[in-house]
Every structure is written in C-alpha cells, then in structure tokens.
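Only one structure is covered here, and it is reproduced in the block below.
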Amino acid sequence: MAERYDVIVIGAGPAGYVAAIRAAQLGFKVGCVEKWVDAAGSPALGGTCLNVGCIPSKALLASSEEYEKAQHHLDVHGIGVKGVSLDVGKMMARKTAIVEKMTKGIEFLFRKNKITWFKGHARFVGAGDDGYQIEVAGTGKPEVHTAVNVIIATGSRARHLDGVKVDNKTICDNEGALAFAAVPKRVGVIGAGVIGLELGSVWRRLGSEVTVLEALPTFLAACDDAVAREAWKLFTKQGLKIEMGVTVGKVSSTKKGVSVAYTDDKGKAHKLEVDKLVISVGRIPNTEGLELEAIGLAPDERGFIPVDERCRTKLPGVYAIGDVVRGPMLAHKGEDEGVMVAEIIAGQHAHIDYNCIPWVIYTSPEIAWVGATERRLKADGRAYKSGQFPFTANGRALGIGAPDGFVKVLVDAKTDELLGVHIIAASASDLIAEAVVAMEFKASGEDIGRICHAHPSLSEAMREAALASDKRALHL
Ligand code: FAD
Ligand code: NAD
C-alpha cells in the first residue's frame with residue numbers, strides 16, 4: 001500500500017542501511033528499498049560490502065592466511081604439522097555463514113528500529129507537494145511511496161572491460177573470484193588495485209599461480225612511495241607475479257580457460273594462459289534504472305550523482321551517499337556519510353573531515369594510511385618532517401612472527417601537526433585507528449610521542465615513528 005515517509009533510503013549497503021538506522025534513531029518514519037537477491041535466491045540487506053565485498057573477502061583472506069601459516073610458518077615455533085589439507089567447500093561455507101550472520105543482523109536492526117524494508121527496485125516517478133514519489137518494483141504489483149527526504153545510496157558495481165564477457169565462472173569480477181569451487185592452477189588478475197591484490201593473495205596462498213597485469217607503470221600509486229616499494233618487495237617475494245605498465249588486448253575463452261593477449265611496458269607482445277581470470281579494474285556507480293531525470297537530477301560525466309561536501313544534491317531533501325558519489329569507494333566513508341545526512345535532515349550540523357578517512361588494504365602484511373602522502377606534501381610545497389620505525393625493532397612484532405614493515409609519520413615542520421600516517425604491517429588496519437583519532441583531534445607528533453603505549457605491543461611503533469620525526473626515537 002502506498003505510504004508517505006519522512007525518509008526513504010534507496011539501497012541498503014553500508015551507506016544506506018546506516019543512514020536508515022540513524023534516521024530512525026532520530027525519530028523519523030523510515031523506509032529503505034533494497035533489491036539484492038543472494039546466491040540462494042533470498043532477498044538480502046547489506047549491499048556489496050556484506051554480500052560480495054568487504055566481509056566475504058576478509059573471511060577468505062583469514063582462511064587462506066591460516067592455511068599458509070599451517071603449511072609454512074609453524075615450524076619456526078617448533079611445531080610440526082603434517083598432512084595439512086584443504087577443503088575449499090568448507091572454507092566457502094564458513095564465508096557464506098559469516099555473510100548470512102551479518103546480513104540477518106541488519107534485518108534485525110531494521111526490525112529493532114522499525115524501518116520498513118521494501119524489497120525490489122526503486123525508481124523515481126515524480127515529485128509533488130507531498131514529496132518525492134518512488135516506485136518499488138518487487139515480486140508483486142509495483143507500489144509508489146512518497147518521501148519528503150530521499151537518500152540515494154545505490155552503490156557501485158564492478159567495471160568490466162569492453163568486449164570481455166564476465167560469466168563469473170571462468171572470467172570473473174569480485175563475485176566469481178570470491179566463490180571458486182576449487183583452487184585453480186593458474187589465476188590471471190587484471191588490475192593491481194585493492195581487489196586484485198587482496199583476492200590475488202587469497203588464491204596464491206591457497207596454491208594458485210597468480211599473475212597480475214596492471215596498466216599503470218607505478219605500483220600502488222595511491223600509497224606513500226616508501227610503503228608501495230616495501231609492498232612490492234614483500235608481495236613479489238611471496239610469489240605474486242605482477243607485471244606493471246601492460247596494455248591488455250584480446251581476452252578469449254579457450255578449451256581449458258582463458259587466454260589474455262597483452263603487451264609489456266616495452267611494447268613486446270605476450271599471451272597469458274590461465275584457468276580463471278579476475279577482472280578488478282575499478283567500480284562504476286549505480287544509477288541506471290533509477291530515473292533520476294524524473295525529478296530533474298542527472299549523473300555527472302563519470303556516472304556519479306553530483307553532491308556538495310555534505311552530500312546534498314541540487315534538490316531540497318534529496319541526498320546521495322556512498323559509492324554513488326565522489327570520494328573513495330570505502331564502506332566506512334559511506335557509513336559516515338549516512339550518519340551525516342540523517343543528522344542534517346534532523347537539523348543538526350554534522351560534517352565529515354574527508355582528510356581523516358583511513359584506507360586499508362588487507363594483504364599480508366596489511367597496508368593502512370590516513371592523511372597526506374609525502375608526495376602530496378611535496379607537491380603542495382608544505383614543509384614537513386618524517387619519522388619512520390621498522391617492526392624488526394619491535395619486540396611484539398618479533399614475538400608474533402611479523403617483523404615486516406614500518407610506521408611512517410609525517411608532521412608539519414613548524415607546528416608539528418600530524419599530517420599523515422602510513423603503515424605496512426600486521427594489524428595495520430587496527431593500528432591506523434590511533435592515527436585517525438590523533439588527526440581528528442589535530443594532535444602533534446609530540447602528543448603521540450608522549451602518550452603511553454602498552455609494552456610489548458605493535459602500537460609502540462607508532463610512538464617511535466612520531467619520536468623519530470623529531471630524531472629522538474628511543475629504540476632506533
Ligand atoms: P553498496 O554496498 O554497493 O550497496 C548499494 C545497494 O543498493 C546494493 O545492495 C544494491 O542492490 C542497491 N541498489 C542499487 N540500485 C537500487 C535500486 N534502484 N533500487 C533498490 N536497490 C538498489 N570497502 C572497505 O571499506 N573495506 C573493505 O575491506 C572493502 N573490501 C571490498 C572488497 C570487495 C571485493 C569489493 C567489491 C568492495 C570492497 N569494499 C571495501 C568497498 C565497499 O564494498 C563499498 O565501498 C561499499 O559497499 C559501498 O557502500 P554503498 O552502500 O555505497 O553501496
Ligand atoms: P582499484 O581502483 O583499486 O584498482 C584498479 C586497478 O586496475 C588500478 O590499478 C588501475 O590502474 C588498473 N586498471 C584499470 N584498467 C586496467 C586495464 N585495462 N588493464 C590493466 N589494469 C587496469 O579498483 P578495484 O581493485 O577494482 O577495487 C574497486 C574499489 O573497491 C576500490 O576503489 C576500493 O575503494 C574498493 N575496495 C576497497 C577495499 C578495501 O578497502 N580494503 C577492498 C576491495 C575493494
């Protein structure tokens with residue numbers, strides 16, 4: 001039955017479901033439209049992140065790390081392990097169970113917060129005195145609901161290569177690459193970005209021979225150069241074969257798998273023959289079928305919905321958040337935008353400091369950073385000081401067998417304000433939280449250096465790196 005809502009959210013990924021929960025907490029009558037249907041045919045909340053992104057990839061990363069550990073990294077502890085075996089079906093079932101627990105958890109939160117879930121595809125059909133009209137086409141007869149405020153959180157989908165058909169069996173994007181039924185002998189990956197490195201690492205650890213083809217000449221161009229260099233050294237030593245500066249040509253299915261023609265950075269032609277191919281060349285925002293034009297909106301030339309720094313579109317009461325708008329395609333960025341927009345609708349003065357959004361790549365070791373890279377500071381002509389501390393000099397890191405990597409701290413040369421922190425290390429995803437808090441509070445290197453850090457812990461490296469920026473690290 002058609003109803004009028006204070007807020008309708010379109011999309012229940014991390015941006016949309018968080019926006020819906022926060023709006024409901026603030027006392028609004030909230031509906032959320034979500035069309036996702038999982039592999040078993042059941043409607044599911046949680047979007048890309050919970051169903052085919054962050055959560056399943058991290059489950060497989062953890063499983064594959066355990067497998068590698070059991071095979072290669074226990075002997076040094078004096079622990080002998082014989083007959084390590086792998087049951088990919090069981091590993092996948094664990095992943096699916098984690099995903100289900102998470103998506104059912106969102107269903108519970110929707111019920112708890114009295115959010116109505118409209119199962120189906122949303123499109124704008126018009127606007128009137130009552131608000132914006134949104135049609136929901138699900139399994140039954142389409143219904144039109146009205147809302148004074150609309151939050152568009154339709155997310156993104158994998159970008160594919162022109163002329164290359166993704167079947168998610170042999171030629172895959174993230175969805176297929178998270179669900180191989182057995183370990184392929186040879187895996188090809190196009191794109192050495194976040195997904196390529198994370199999922200490439202999963203299958204390499206499980207036993208595949210993984211070759212990654214990257215168009216750019218620079219490895220991990222978004223990272224700090226020192227981190228990217230260290231990552232290259234470690235990942236290639238682990239056995240990932242990465243070719244930079246390539247031009248991918250014809251991709252064709254063969255009897256046994258896939259053949260990828262490419263030229264290397266010197267223009268020499270090659271052919272990569274693999275059993276499975278993973279295409280991870282970025283993601284594109286979802287606006288098709290949303291019929292934005294019905295209310296006078298249009299995506300920009302790259303497909304994103306134009307918004308200001310508070311996620312407001314040009315229309316009153318219409319907001320857009322998450323992957324469908326500018327900024328990094330990260331779940332936590334979308335979640336923060338969801339909270340911000342719900343609070344703005346409630347008349348509050350919420351904002352986000354986009355400079356304080358952390359990035360994490362869940363390779364082994366992990367890579368995490370927040371704030372400026374040294375390259376950016378140089379380009380901006382900002383005077384800075386840098387301090388670096390290696391985990392080889394950290395007792396906890398040696399104890400847990402994770403001596404690789406370092407923390408690098410960048411501070412303003414004059415004021416000592418923390419400008420950026422870059423970590424490559426085990427647990428970098430957790431270590432970076434201290435840097436994010438410090439930057440949100442405009443802390444200085446001196447502040448970090450004076451804070452007591454538990455011993456022995458990996459976090460001591462953060463303090464030492466901050467001290468190193470003033471040439472007074474204690475353990476260097
Ligand atoms: P989405 O999660 O894409 O959700 C959008 C939802 O809207 C979808 O459920 C879709 O069905 C629905 N929808 C779209 N159009 C309509 C419509 N017209 N009607 C109804 N419903 C609609 N980010 C991290 O921060 N950390 C990670 O570790 C991480 N790992 C990732 C691993 C992989 C393999 C991938 C692919 C991504 C990963 N990401 C990670 C990125 C993260 O998943 C996205 O940034 C995040 O999901 C974006 O959230 P969102 O809510 O904007 O969109
Ligand atoms: P990405 O932008 O991280 O990397 C894509 C890579 O593909 C780039 O290095 C690009 O130069 C390369 N590329 C593009 N076209 C190419 C071509 N024709 N041939 C060879 N290489 C080509 O994108 P992704 O890895 O697909 O991930 C998509 C998004 O999902 C990312 O933007 C990221 O924000 C998000 N994500 C985040 C996490 C995380 O936070 N840990 C994990 C996975 C995905």
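A quick note: this is a predicted structure, and the numbers were derived from the prediction, not measured. In each ligand, atom 1 is the first atom listed, and ligand 1 is the first ligand listed.
Evaluated for a salt bridge (Lys or Arg N to Asp or Glu O under 4.0 Å) with Arg123, the options Glu135, Glu293, Glu143 yield exactly one hit, Glu135.
Nearest protein heavy-atom neighbour of atom 52 (O) of ligand 1: Asp323 N, 2.9 Å. Looking from atom 18 (N) of ligand 1 to the surrounding protein, the closest heavy atom is Ala122 O, 3.0 Å. Regarding atom 53 (O) of ligand 1, its nearest protein heavy-atom neighbour is Gly155 CA, 3.1 Å. Shortest contact from atom 4 (O) of ligand 1 to any protein heavy atom: Gly13 CA, 3.4 Å.
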Pairs of nitrogen or oxygen atoms, one from ligand 2 and one from the protein, closer than 3.5 Å: please tabulate them with distances.
{"from": "ligand 2", "atom 1": "3 (O)", "to": "Val194", "atom 2": "N", "distance (Å)": "3.1"}
{"from": "ligand 2", "atom 1": "9 (O)", "to": "Glu214", "atom 2": "OE1", "distance (Å)": "2.7"}
{"from": "ligand 2", "atom 1": "9 (O)", "to": "Glu214", "atom 2": "OE2", "distance (Å)": "3.2"}
{"from": "ligand 2", "atom 1": "11 (O)", "to": "Glu214", "atom 2": "OE2", "distance (Å)": "2.6"}
{"from": "ligand 2", "atom 1": "15 (N)", "to": "Arg159", "atom 2": "NH2", "distance (Å)": "3.2"}
{"from": "ligand 2", "atom 1": "21 (N)", "to": "Ala215", "atom 2": "N", "distance (Å)": "3.2"}
{"from": "ligand 2", "atom 1": "23 (O)", "to": "Gly282", "atom 2": "N", "distance (Å)": "3.4"}
{"from": "ligand 2", "atom 1": "25 (O)", "to": "Val194", "atom 2": "N", "distance (Å)": "3.3"}
{"from": "ligand 2", "atom 1": "25 (O)", "to": "Ile195", "atom 2": "N", "distance (Å)": "2.8"}
{"from": "ligand 2", "atom 1": "26 (O)", "to": "Gly282", "atom 2": "N", "distance (Å)": "2.8"}
{"from": "ligand 2", "atom 1": "34 (O)", "to": "Met329", "atom 2": "O", "distance (Å)": "2.7"}
{"from": "ligand 2", "atom 1": "40 (O)", "to": "Val360", "atom 2": "O", "distance (Å)": "3.3"}
{"from": "ligand 2", "atom 1": "41 (N)", "to": "Glu198", "atom 2": "OE2", "distance (Å)": "2.8"}
{"from": "ligand 2", "atom 1": "41 (N)", "to": "Val360", "atom 2": "O", "distance (Å)": "2.7"}

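Using a cutoff of 4.0 Å between basic side-chain nitrogens and carboxylate oxygens, Arg312 and Asp308 are scored as salt-bridged. A salt bridge is defined here as a Lys NZ or Arg NE, NH1 or NH2 lying under 4.0 Å from an Asp or Glu carboxylate O, and Glu337 with Arg310 fails to meet this definition. Of the charged side-chain nitrogens involved, none lies within less than 4.0 Å of a carboxylate oxygen, so that Lys185 and Asp275 do not count as a salt-bridged pair. Ionic pairing of Asp224 and Arg375 is not present here: no N-O contact between side-chain nitrogen and carboxylate oxygen is shorter than 4.0 angstrom. Look at Arg22 and Glu343 and you find a salt bridge, because one of the NZ, NE, NH1 or NH2 atoms lies within 4.0 Å of a carboxylate O, short of that distance. Salt-bridge check for Glu209 with Lys241: failed, with every basic side-chain N at 4.0 Å or more from each acidic carboxylate O. Salt bridge annotation for Lys69-Glu65: absent, with no cationic side-chain nitrogen under 4.0 angstrom from a carboxylate oxygen.
With a heavy-atom cut-off of 4.0 Å, Tyr17 does not touch ligand 1 at all. Contacts between Thr48 and ligand 1, counted as non-hydrogen atom pairs separated by less than 4.0 Å, involve both the backbone and the side chain. Contacts between Asn174 and ligand 1 below 4.0 angstrom, taking non-hydrogen atoms only, involve the side chain exclusively.
Scanning both residues, Ala269 and Thr263, for their nearest heavy atoms gives CA-CG2, 4.0 Å.
Those atoms of ligand 1 that come under 4.0 Å of a heavy atom in Leu330, given as number and element, are 23 (N), 25 (O), 45 (O). Listed by number with element, the atoms of ligand 1 under 4.0 angstrom from any heavy atom of Cys49 are 2 (O), 43 (O), 47 (O). Remark: ligand 1 atoms within the under-4.0 Å shell around heavy atoms of Leu290 are 18 (N). Here is the list of ligand 1 atoms found below 4.0 Å of a heavy atom in Thr154: 5 (C), 7 (O), 14 (C), 15 (N), 16 (C). Near Ser57, with a cut-off below 4.0 Å to any heavy atom, the atoms of ligand 1 are 32 (C). Set against the non-hydrogen atoms of Gly11, the atoms of ligand 1 under 4.0 Å away are 6 (C), 7 (O), 12 (C). For ligand 1, the atoms lying closer than 4.0 Å to a non-hydrogen atom of Ala153 are 5 (C), 6 (C), 7 (O). Here is the list of ligand 1 atoms found below 4.0 Å of a heavy atom in Val33: 20 (C), 21 (N).
Side-chain contact, Tyr17 with Glu335: no donor N or O sits under 3.5 Å from an acceptor N or O. Side-chain contact check for Ser156 and Asp323: at least one donor-acceptor pair (N or O, by modelled atom type) lies under 3.5 Å. In this structure, a donor-acceptor pair under 3.5 Å is absent between the side chains of Asp6 and Asn149.
By heavy-atom distance, the residue among Gly289, Gly53, Gly47, Ser156 lying nearest atom 35 (C) of ligand 1 is Gly53. Ranked by closest heavy atom to atom 27 (C) of ligand 1, the top entry among Cys54, Ala15, Ser429 is Cys54. Of the listed residues (Ala177, Gly322, Pro14), the one carrying the non-hydrogen atom nearest atom 49 (O) of ligand 1 is Pro14. Between atom 9 (O) of ligand 1 and the options Glu34, Glu288, Met329, the minimum heavy-atom separation is to Glu34. When the heavy-atom distances from atom 28 (O) of ligand 1 to Lys58, Glu198, His121 are ranked, the shortest goes to Lys58.
Looking at heavy atoms from C-beta onward, Arg157 lies in side-chain contact with Glu288 at the 4.5 angstrom threshold. No side-chain heavy atom of Ile367 sits under 4.5 Å from any side-chain heavy atom of Val360.
Distances shorter than 4.0 angstrom occur between a heavy atom of Gly120 and an atom of ligand 1. Contact annotation: Arg123 has no heavy atom less than 4.0 Å from any atom of ligand 1. Put simply, no part of Arg157 is less than 4.0 Å from ligand 1, judged by heavy atoms. For the pair Gly334 and ligand 1, no heavy-atom separation below 4.0 Å is found. Using a 4.0 Å heavy-atom cutoff, Val52 is listed among the residues neighbouring ligand 1.
Close N/O approach between Ala331 and ligand 1 is found [any backbone or side-chain N/O within under 3.5 Å]. Annotation: Asn286 places no N or O atom under 3.5 Å from an N or O atom of ligand 1; distance criterion only. For ligand 1, none of its N or O atoms has an N or O atom of Arg283 under 3.5 Å away.
Classification of the Tyr5-His145 ring pair by plane angle, with boundaries at 30° and 60°, yields perpendicular. The aromatic rings of Phe124 and Tyr132 sit perpendicular, their planes meeting at an angle over 60°, well past the 30° parallel limit.
No donor-acceptor pair under 3.5 Å is formed between the side chain of Lys233 and the backbone N or O of Ala228. Proximity of a side-chain donor or acceptor of Thr373 to a complementary backbone N or O of Arg376 within less than 3.5 Å is detected.
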Show me the side-chain donor-acceptor pairs of residues 418-425 shorter than 3.5 Å, one per line, residues at least two apart or across chains.
{"from": "His422", "atom 1": "NE2", "to": "Ala372", "atom 2": "O", "distance (Å)": "2.7"}

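A cation-pi contact, defined as under 6.0 Å to the ring centre and within 45° of the axis, is absent between Lys333 and Tyr354.
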